[in-house]
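Here the structure comes first, spelled out in structure tokens, and everything after it is commentary.
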Amino acid sequence: MKGKPRRTPRAKPPPGASHQGEPPADARIAPLVERYCRLARVKRAASGGGDLHELSLPPSERRFFRDRERLRVAFSLDALERHPEAEIAVLGSPFLSELIEAIRARAARLSLGLIAPPSPAGTAPRSPLTELPIPVRNGAAKPVKARAAVHPVGRLIARVVLRAGATVEEAVVESDVCDLSSGAPVARDVAGLFHELEARRIEPADPSIVAKTKAVAARRPEDLLRLLVGNLREKSAERVAARRAAAEQQLAVALARLDRYFATILADQTEAAGEAAVRALAERRRTEEVRRNQVRAMVHPLQLVEATVLIQRAEWQVESGEHRATFSAQRSAAGAGDWIFACPQCGTPPETLVVCKHDHCACTACSHRCSVCAADFCVEHGIAQCRVDGEPACTEHVRSCPSCQLQYCTAHEGICSEGDHATCSLCVQPCASCGRVVCNQHAEQTSAEAPKGSRRLCPACVRQCEGGRNEPVGVDEVTQCSSCGKSVCTGHQAVCAVDGEVHCSRHLRRAAASRRLVCGQHTGACAYEEATLFASDEVAPCASCGKHVCANHSAECVSDGQRHCTVHVAQLADADGAYACEEHRKLCHVDNRAFTPAGVSACPVCGEEACTAHRAACGYCGRIVCTADLGKAEAGRQRRCSTCARLAVDGDAPAEVISAALRAAGEQRKGSRPPRSRIARDHSHSIVELDLGLSRKTVVVLRHGDLVAEGVVRHSLLGSKRRS
């Protein structure tokens, strides 16, 4: 069996070299690691051709590296392939973030010492300056004073993070070597010596050789940081411009996608309110996208590397009236380089100098002339633009507006009537109602939906409308609610349909049936619909029981004109749908329907009321009786009432009744035998039947208590004949 072919060993690339087209590691990271290890007493062992380091961390440093005692750091992709457990030292890696935190906590400042002067200390310059070559705009310069001085120089190392949308770019940037007292970049020879000293290729000089030379102090930390960050901004301008161009392309793609998305939604909208809501949402999303794709740079200072150097220094006293300032220039102690002129404010070479009224000196770009007092001042003692007219103003004539929090000059100052405090003239405007001048802090701007539109109002003229969402309105736009006394504007007020008073929307309710607005005092309820809201004039008490009822559950009696509930009123069957109460109606006892008192009459048999439709004549006694007391017709004879149907011989019949019946029938004859009789009684009458023989019978109707017959009906074979 053949063995595996032997792999040809690959030549190891130098540390930091590229791997298959990959960008090499940042060459500034390795010196940063080396310097950190030396300062923090971290043991470092290099292997693998120098592109793999093993760090042994002391207990004080382990908190920065996730409490690890040892870790391996790879400075190339080859080292990472050979040792996968190692961490790559590239921009954006977790190791670099941990290293930066450790440096910022322990090594934020690195002092290199004194740069060895190229010539003995105190050597006079070969070409001294006699006059200031820069003109002074508002003064003159006295003769020069040349001397040697020890200046602090240094550079700033910072991490710069660029963010735009979802893209994050990180880099470690170094500033130029600058004079820390003037802020100007040093000469090439001094910068070269600084880099040699930082790289440990030369040793720092003995400080005793400049012990008698005056040292110039560095600028204040905030000024120094401002100047060095400005230098970093200039060095990163190209990267920022490239990132901004890429962000603009991403923004254009994102906005186009949003426009297409919202265009499809707008096409489906049919109402104006829905379309307005979609457009507002689209505008808000566009604003968010524009803000998200803005390029933002965050600078994290990592380390300030500084040293001292012997400098030839020339000083002039610049005077302007009573104001005096000092301006200096410097160059290398050997005098080989050119003189460096730097503005004390911005560190750039000035074209013209200006004496500040506070005894400072600055270039024309860092100075202004006050628009109030016409005095010159530097950027530290005034503002470049007044909030009102955009003109500069010195500190004596600068005020901060408590309303807009911006600065303005005293020439554009106004007084707010609310508290009599000063403010800028743009923030004080008259009240649209009373005319008082108030600032923006005390004024209230009403919305465009207010009754009189958007207006600026003072606190005395503004009211909070309680009828809507508590929005501000003018005092001339509101009325007091009659229920709660709170203000309600004309746009949210309504009138109660009962009392005609103005009420806010919280104290008005709409009646269910009529849809009228009524206040809480004039609401009502029907006794038969307690859950339904009515106006107080839509319900009335029943004249019979006193319950409050609505029109659907009540009716007006046709007789007395009063309203009664449906329990105590009924529709009349004989009055074209009119209604009547219990007192002014009668019921037919047959079908229980209501009638007028004249529409029914009492049945003589049962005494109950019956309508004409349920009354009929009895075929035997001839009376009009109700159909309930009228029997069915039998074969050979007519329908008879229940009284006639139960005629029987009654020996107890009063004699006077029988006599009255005989008289009515004309059968009372002297000496003759009286005919046989039958009698029956009901509610109103006594019915007497006289049998006259030969199938002849006479029926006499007598009312109780009356001996005069109401009716007489004769029956024979020839038929019946009624005789009243």
Side-chain angles (χ1 to χ4, degrees), residues 132 134-142 182-183 219-227 229-230 316-328 341-431 435-443 445 456 458-459:
L132 180 64
I134 302 173
V136 181
R137 189 178 67 185
N138 60 343
K142 286 188 175 182
S182 65
R219 305 189 68 159
R220 293 179 301 177
E222 57 271 18
D223 294 340
L224 190 62
L225 185 62
R226 174 176 56 83
L227 293 172
V229 170
W316 292 268
Q317 187 174 8
V318 186
E319 298 182 352
S320 175
E322 299 179 355
H323 305 292
R324 295 174 178 84
T326 300
F327 180 75
S328 64
F341 299 90
C343 171
Q345 301 298 327
C346 63
T348 59
E351 296 181 358
T352 305
L353 293 177
V354 178
V355 180
C356 171
K357 62 184 296 184
H358 293 273
D359 297 335
H360 288 175
C361 186
C363 65
T364 53
C366 297
S367 62
H368 306 281
R369 178 160 292 175
C370 179
S371 60
V372 180
C373 63
D376 292 295
F377 63 92
C378 64
V379 292
E380 292 185 359
H381 298 97
I383 56 174
Q385 289 185 341
C386 169
R387 179 245 196 296
V388 180
D389 60 359
E391 295 296 327
C394 63
T395 51
E396 285 79 4
H397 299 97
V398 171
R399 302 290 184 270
S400 180
C401 178
S403 179
C404 63
Q405 307 301 321
L406 299 178
Q407 293 180 318
Y408 65 96
C409 66
T410 55
H412 298 94
E413 189 171 65
I415 302 298
C416 175
S417 301
E418 193 72 23
D420 294 332
H421 64 86
T423 182
C424 69
S425 58
L426 291 182
C427 288
V428 288
Q429 299 293 334
C431 172
R436 283 201 316 151
V437 177
V438 291
C439 67
N440 293 339
Q441 187 177 10
H442 293 101
Q445 191 75 25
R456 179 191 180 94
C458 68

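All values derive from a computational prediction rather than experimental measurement. Positions are given from 1 along the sequence.
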Of the non-hydrogen atoms in [X] and [Y], which two are nearest, and what is the gap between them?
{"X": "Gln441", "Y": "Pro402", "answer": "OE1-O, 3.3 Å"}
{"X": "Cys409", "Y": "Val372", "answer": "CB-CG2, 4.0 Å"}
{"X": "Asn440", "Y": "Ser403", "answer": "CB-OG, 3.0 Å"}
{"X": "Ala422", "Y": "Glu413", "answer": "CB-OE2, 3.4 Å"}
{"X": "Leu426", "Y": "Gln429", "answer": "O-NE2, 3.6 Å"}
{"X": "Pro430", "Y": "Gly435", "answer": "CB-O, 3.7 Å"}

What is the distance from atom [atom1] of [X] to atom [atom2] of [Y], rounded to the nearest 0.5 Å?
{"X": "Ile415", "Y": "Ser425", "atom1": "CD1", "atom2": "OG", "answer": "11.5 Å"}
{"X": "Asp376", "Y": "Cys370", "atom1": "CG", "atom2": "SG", "answer": "9.5 Å"}
{"X": "Cys363", "Y": "Arg137", "atom1": "SG", "atom2": "CZ", "answer": "10.0 Å"}
{"X": "Cys427", "Y": "Gln405", "atom1": "SG", "atom2": "CD", "answer": "9.5 Å"}
{"X": "Arg387", "Y": "Cys424", "atom1": "CZ", "atom2": "SG", "answer": "4.5 Å"}

Would you say that [X] contacts [Y] through its side chain, given a criterion of any heavy-atom pair below 4.5 Å between the two side chains?
{"X": "Arg436", "Y": "Glu418", "result": "yes"}
{"X": "Pro344", "Y": "His360", "result": "no"}
{"X": "Cys394", "Y": "Cys373", "result": "yes"}

Between [X] and [Y], is there a donor-acceptor pair closer than 3.5 Å when you use the side chain of the first and the backbone of the second?
{"X": "Ser320", "Y": "Asn138", "answer": "yes"}
{"X": "Ser417", "Y": "Val437", "answer": "yes"}
{"X": "Ser371", "Y": "Pro392", "answer": "yes"}

For this session: Go through the structure and list residues passing side-chain contact (heavy atoms from CB on, under 4.5 Å) with Thr395, not counting sequence neighbours.
Result: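 Residues passing side-chain contact (heavy atoms from CB on, under 4.5 Å) with Thr395: His358, His381.
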
Exercise. Which residues satisfy the side-chain contact (heavy atoms from CB on, under 4.5 Å) test with Leu132, sequence neighbours excluded?
Worked result: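 side-chain contact (heavy atoms from CB on, under 4.5 Å) check on Leu132 returns Ile134, Val136, Ala141, Trp316, Phe327, Phe341, Leu353.
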
Exercise. Yes or no on side chain to side chain contact (heavy atoms under 4.5 Å, CB included) for Cys356 and Glu380, after CA distance, side-chain angles and deciding distance?
Worked result: CA-CA 10 Å; Cys356 171; Glu380 292 185 359; over 6 Å; no

Could you tell me which residues satisfy salt bridge (Lys or Arg N to Asp or Glu O under 4.0 Å) with [X], sequence neighbours excluded, listed by chain and number?
{"X": "Glu351", "answer": "none"}
{"X": "Glu319", "answer": "Lys142, Arg324"}
{"X": "Arg219", "answer": "none"}

For this session: Among residues two or more places apart or on two chains, list those pairs meeting ring-ring contact (aromatic ring centres under 6.0 Å, His included) that have a residue in residues 387-427.
Result: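 Matches after skipping sequence neighbours: His421-His442.
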
Problem set entry | Stepwise side chain to side chain contact (heavy atoms under 4.5 Å, CB included) check, His368 with Val379 | CA-CA 7 Å; His368 306 281; Val379 292; 4.2 Å; yes

